[in-house]
Amino acid sequence: MQVLIIRVDEIGLKNKNKMFFMHKLKDNIQSKISQNFIFKVNNNRIYLIPQQNMGITVKDIDILKKIFGIHSFSIAEKTESNIDSIKTQVYKVAKKSLENNNYKTFKISVNRANKSFPYNSQEFAGIIGEFILNNFPQLKVDLNHPELNIEIDIRKEGTFIFNNRLEGPSGLPVGTSSKGTVLLSGGIDSPIATLLMMRRGMLLNAVNFYSPPFTGPKSLNKILKIGSIVSEFTSFPFYLYVVPLTKIQLLFRDIKEDKYSVILQRRAMMRITNKISDITNTKVLVSGESLGQVASQTIENLLTISDSSQKVVLRPLIGFTKNETIKLSKKFGLYETSILPYEDSCSVFLPSKPATKSNINHIKSIEDSLPHLSELEKEVLDEAKKYKIEDSKVSEIDHFES
Ligand code: ATP
Ligand code: MG
């Protein structure tokens with residue numbers, strides 16, 4: 001019988017509340033995966049047993065690769081823990097992989113978690129190794145770099161035989177670490193900041209600012225595409241709110257000290273995002289800033305930006321190099337979309353010499369001199385477009401979802 005074995009890493013280190021995390025992970029897998037599997041949570045593992053004659057599909061595999069909390073998983077043959085049925089299944093696994101690959105070397109790895117099994121792991125690896133040599137004369141033993149590694153995992157609940165370990169994204173299940181609102185641009189950084197917080201178990205919604213008519217429909221499509229990719233990593237709907245910032249940006253463009261316009265925009269974004277966070281009941285904000293990357297990301301400017309937020313702003317990329325972020329962006333399948341050349345809201349009104357330092361009181365006095373600022377910030381909230389994205393399907397909705 002074929003089963004999927006799901007393994008965890010960090011969750012396994014937890015003591016008293018391990019089962020809470022294991023069951024959350026199970027729920028997240030269950031709501032994401034389409035098929036009818038029977039789920040069994042067993043200490044550090046989850047088994048997925050396909051019902052009746054439904055097999056395990058490529059789509060199932062793709063889904064599991066994107067569920068946070070999963071360290072690795074294997075498609076295994078499960079059998080009783082006796083030598084004859086183990087041999088039968090090992091033969092089957094070896095034969096199948098030799099049909100598809102021209103392997104010359106192999107290794108048998110035995111893990112005997114069930115100590116009542118009559119052979120120790122080394123003895124048993126020897127027995128099965130010989131069995132393979134007798135049945136597949138084209139194979140030779142190579143303990144260091146085998147092309148075919150057949151693992152035999154002997155447990156109380158049965159014996160599992162497999163020759164594959166697929167990588168999961170690790171971390172904690174989404175929904176185990178409270179809620180946050182991410183400021184999501186179409187760039188490289190903030191989508192990665194989003195996934196890194198999701199990987200720590202946080203449930204996120206997102207706010208994007210755009211500048212119609214200066215940014216066109218392609219920019220909107222781009223952010224929806226980013227949202228779609230992100231949505232594949234969570235078992236919950238991903239809500240994305242798109243707020244037109246143009247009126248406010250025009251206000252800042254016309255001030256005398258335009259070198260502060262980016263800082264002023266960021267502070268306005270923070271205040272508006274705080275409001276959305278209040279309405280949708282999230283506890284913290286998340287942004288993709290990284291120390292020193294651009295003028296607005298010096299410590300002085302980050303402090304001036306944070307000052308406008310009542311809620312704590314988490315910046316998971318603060319110590320990342322750009323290359324590290326790009327690497328993750330490629331790994332998570334976002335890069336190709338993030339580098340599409342459509343204008344971002346901020347780049348439309350970039351001053352020629354943005355200030356690398358700012359004084360909070362001075363910035364506040366500029367804001368105070370703009371009488372309509374807080375009115376406009378309320379107004380644009382009403383003009384926000386609201387989207388619900390589930391398994392990369394986008395639908396427009398008419399309210400903020402809490
Ligand atoms: P990113 O790659 O995420 O766009 P960046 O390197 O371009 O980041 P900035 O443009 O300085 O850096 O933006 C810093 C952070 O501010 C972003 O990571 C994001 O969290 C937020 N932000 C910037 N522009 C927008 C926007 N148009 N909508 C929502 N959030 C934004
Ligand atoms: Mg950007």
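Not measured: the values here are computed from a predicted model. Both counts, for ligands and for their atoms, begin at 1 and track the order of listing. Here, residue 1 is the first one in the sequence, and each next residue gets the next number.
Of all the atoms in ligand 1, the ones that sit under 4.0 Å from a non-hydrogen atom of Ser287 are 20 (O). With ligand atoms numbered from 1 in the order given, ligand 1 contributes 28 (N), 29 (C) to contacts under 4.0 Å with heavy atoms of Asn208. Close approach of ligand 1 to Ile188 (heavy-atom distance below 4.0 Å) involves ligand atoms 2 (O). Of all atoms in ligand 1, numbered sequentially from 1 with element shown, those under 4.0 Å from a heavy atom of Val294 are 11 (O). Those atoms of ligand 1 with a heavy atom of Val207 less than 4.0 angstrom away are 29 (C).
Contact annotation for Val262 and ligand 1: no heavy atom of the residue comes within less than 4.0 Å of the ligand. In Ser296, the part holding a heavy atom less than 4.0 Å from any atom of ligand 1 is the side chain. With a 4.0 Å cut-off on non-hydrogen atoms, Leu184 touches ligand 1 through its backbone and not its side chain.
Of the options Arg315, Gln297, Gln293, the smallest heavy-atom separation from atom 9 (P) of ligand 1 is shown by Gln297. Compare Arg266, Gln265, Glu289 by their heavy atoms: the one nearest to atom 10 (O) of ligand 1 is in Arg266. By heavy-atom distance, the residue among Tyr210, Tyr241, Phe209 lying nearest atom 27 (N) of ligand 1 is Phe209.
With Phe400 as the aromatic partner, Lys386 meets the cation-pi criteria of under 6.0 angstrom to the ring centre and within 45 degrees of the ring axis.
Between Tyr119 and Phe124, the two ring planes are parallel [angle under 30°; tilted spans 30° to 60°]. Ring pair Tyr47/Phe160 is parallel by interplanar angle, where below 30° counts as parallel and above 60° as perpendicular.
Remark: Lys115 NZ is packed, more than 12 non-hydrogen atoms of other residues, nucleotides or ligands lying under 6.0 Å away. At most 12 non-hydrogen atoms from other residues, nucleotides or ligands lie less than 6.0 angstrom from NZ of Lys283.
Between the side chains of Asn149 and Ser109, at least one donor N or O lies within less than 3.5 Å of an accepting N or O. Side-chain contact of Ser277 with Thr282: a donor-acceptor pair under 3.5 Å is present, judged by distance alone.
A salt bridge links Arg271 with Glu367; the closest basic N to acidic carboxylate O contact falls under 4.0 Å.
At least one N or O atom of Leu183, backbone or side chain, sits closer than 3.5 Å to an N or O atom of ligand 1.
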